[in-house]
2 protein chains.
Amino acid sequence: MVAESSMDRNMLATPADGGMSVPALFQNLIGYHLRVAQETSFQGFAKAAGKEDLKPGWYALLTVLAERESMTPSELSRTCGRDRSTLTSSLKALSNRGLIERRWNPDDQRSYSVRLTEEGRQMQERLHAIAVVHELRLDEIAGEDKAVLIAVLGRIAATFGTSEDF
Amino acid sequence: MVAESSMDRNMLATPADGGMSVPALFQNLIGYHLRVAQETSFQGFAKAAGKEDLKPGWYALLTVLAERESMTPSELSRTCGRDRSTLTSSLKALSNRGLIERRWNPDDQRSYSVRLTEEGRQMQERLHAIAVVHELRLDEIAGEDKAVLIAVLGRIAATFGTSEDF
DNA sequence: GCAAGATAGTTTGATATCAAATTATTTGGC
DNA sequence: GCCAAATAATTTGATATCAAACTATCTTGC
C-alpha cells in the first residue's frame, strides 16, 4: 500500500485558524495527536508541491509506477488503496497531461497496462524530491525519537490494519 | 480544533487488502507511517462506532457541544475545523435525528445557537465511550513510548500547523 | 438615519471517494 | 463447443468537502 488514498471521515481536526487550542478532553489522546500531526504534515507537503501537480493520488500513482514499470489499473488500485472506479478519472487526467501512457493488452481485450512517460518520470522525481525535503524536516523534528516513532506507528498500523479490518 | 474534519488529499495510503507490503521507497519515511497509522487507527474507531452513528463530523460536533453547552454554527465551524457550508447538512441531519436543538438568537435574526438534546448527550457519551476504549488500545500499543509519541506528534503539528499554513 | 461594508447562514459548483450496477471479455464446467 | 461464472474497466448514484456566490441582517461612518 502506498499512497494518497483518502480517509473521508476523520476523528479529529487540525488547529484551523488561530482558533481554539486543544480541548481538554483530547489533550492526552493519541488518536487526536495522530490526526493533527498527519493532517498538518500533509498540508505542508501539499503546499510545497503545488495544487496543480498534487492532485489527489498523483504522487502515489507516479511513484508506484516508477518502481514497477508497468501495471494495470486494478493492480494500481490495490497497491494505492483506492477503489478502481476512482482511478478512472485520475488515469485519464494523468494521460491528458502526458504523464502516463496506456497500452492495450493483446492477450486480454478487457485490460490495458499503464506506464510512465519520460515526462511522468520527471514529475515523479520532482514530487519525490519535495517529499524528501519534507521528510528531512520531519526527521529533524523527530530527532533521536525517530526510531521509536516509526516503531510505534508501525505497531498501530499492524494492530488495526491487519487483524480486524478486512 | 477538535474534530473529524477531513484531508481529502493524502500522501500515502493504508495497507488495503492483503496486497503489497510497504514499498522500499517508503519504508523509512515518517510521513508514510504517520499516514498509515492514522488511517488504520481511525478505521478501527469507525468500525466500532458503526456507520449510522459516525457520520463524518458527528463525534466531534457532539463532543464540542457537550463541553460548551451552546454554540453557533460559525463557532462550531472554527472549532471543528470544517467549512461553515459543510456544517449546514450535518446540523440538519443531527437535528432530524433529534440529537441537537436550534434556538434563534433574539438579538440577531441571522444567527441561531445549537445545543445537545438529552438524546444527543447520550449519543455523545456512547461515542465517547467507544473512543476511550479505542484510546486504551492505543495506549497499550504505545506502552512506555506514549509520552514520546505524543511529544513528537505535537512538535510535528506545531511546526507545520502554525508558522506556515495560515 | 442612511448607505456601505461586515457578518451569519445557506446554496451552488467543482472535485473526490466508495459502492453497486453495467458492459465487454475471458475462463471453466460439463 | 457452449453457457455460466468470474474478471477488467467504466459508469452511475450517494456522500462529503471546500470555495465562492448569494440572501438577509446587523453595524459603522458620516
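Note on naming: letters A, B, ... go to the chains in the order of the sequence lines (proteins, then strands), and numbering restarts at 1 for each one.
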Gap between atoms [atom1] and [atom2], on [X] and [N] respectively (whole Å):
{"X": "B/Leu54", "N": "D/dT15", "atom1": "CG", "atom2": "P", "value": "16 Å"}
{"X": "A/Arg82", "N": "C/dT15", "atom1": "CZ", "atom2": "P", "value": "15 Å"}
{"X": "A/Gln43", "N": "D/dC18", "atom1": "CD", "atom2": "C1'", "value": "12 Å"}
{"X": "A/Phe42", "N": "D/dT17", "atom1": "CZ", "atom2": "P", "value": "17 Å"}
{"X": "B/Glu39", "N": "C/dT17", "atom1": "CD", "atom2": "C1'", "value": "12 Å"}
{"X": "B/Lys47", "N": "C/dC18", "atom1": "NZ", "atom2": "C1'", "value": "17 Å"}

List in chain and number order the residues that pass salt bridge (charged side-chain N to carboxylate O under 4.0 Å, His left out) with [X], two or more places apart in sequence or in another chain; answer none if no residue qualifies.
{"X": "B/Arg102", "value": "none"}
{"X": "B/Glu101", "value": "B/Arg103"}
{"X": "A/Arg84", "value": "none"}
{"X": "B/Arg115", "value": "B/Glu69"}

Contact list for DNA chain C against residues 83-93 of chain A - heavy-atom distance below 4.0 Å: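 Heavy-atom contacts with DNA chain C come from A/Asp83, A/Ser85, A/Thr86.
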
Sorted by number, the residues of residues 94-115 of chain B with heavy-atom contact under 4.0 Å to DNA chain C: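 Within this stretch, B/Arg102, B/Arg110, B/Ser111, B/Tyr112 sit under 4.0 Å of the strand.
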
Under 3.5 Å side-chain donor-acceptor pair for B/Arg82 and B/Ser90: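 Per modelled atom types, B/Arg82 and B/Ser90 side chains form a pair under 3.5 Å.
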
Side chain to side chain contact (heavy atoms under 4.5 Å, CB included) involving B/Ala66 - partner list, sequence neighbours excluded: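 Only B/Leu116, B/Arg121, B/Gln124 meet the side chain to side chain contact (heavy atoms under 4.5 Å, CB included) criterion with B/Ala66.
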
Partner residues of B/Asp139 under the side chain to side chain contact (heavy atoms under 4.5 Å, CB included) criterion, sequence neighbours left out: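 Only A/Ile30, B/Glu135, B/Leu136, B/Lys146 meet the side chain to side chain contact (heavy atoms under 4.5 Å, CB included) criterion with B/Asp139.
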
With sequence neighbours excluded, residues passing side-chain hydrogen bond (donor to acceptor under 3.5 Å, both in side chains) with A/Glu119: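 A/Glu119 satisfies side-chain hydrogen bond (donor to acceptor under 3.5 Å, both in side chains) with no residue once adjacent residues are dropped.
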
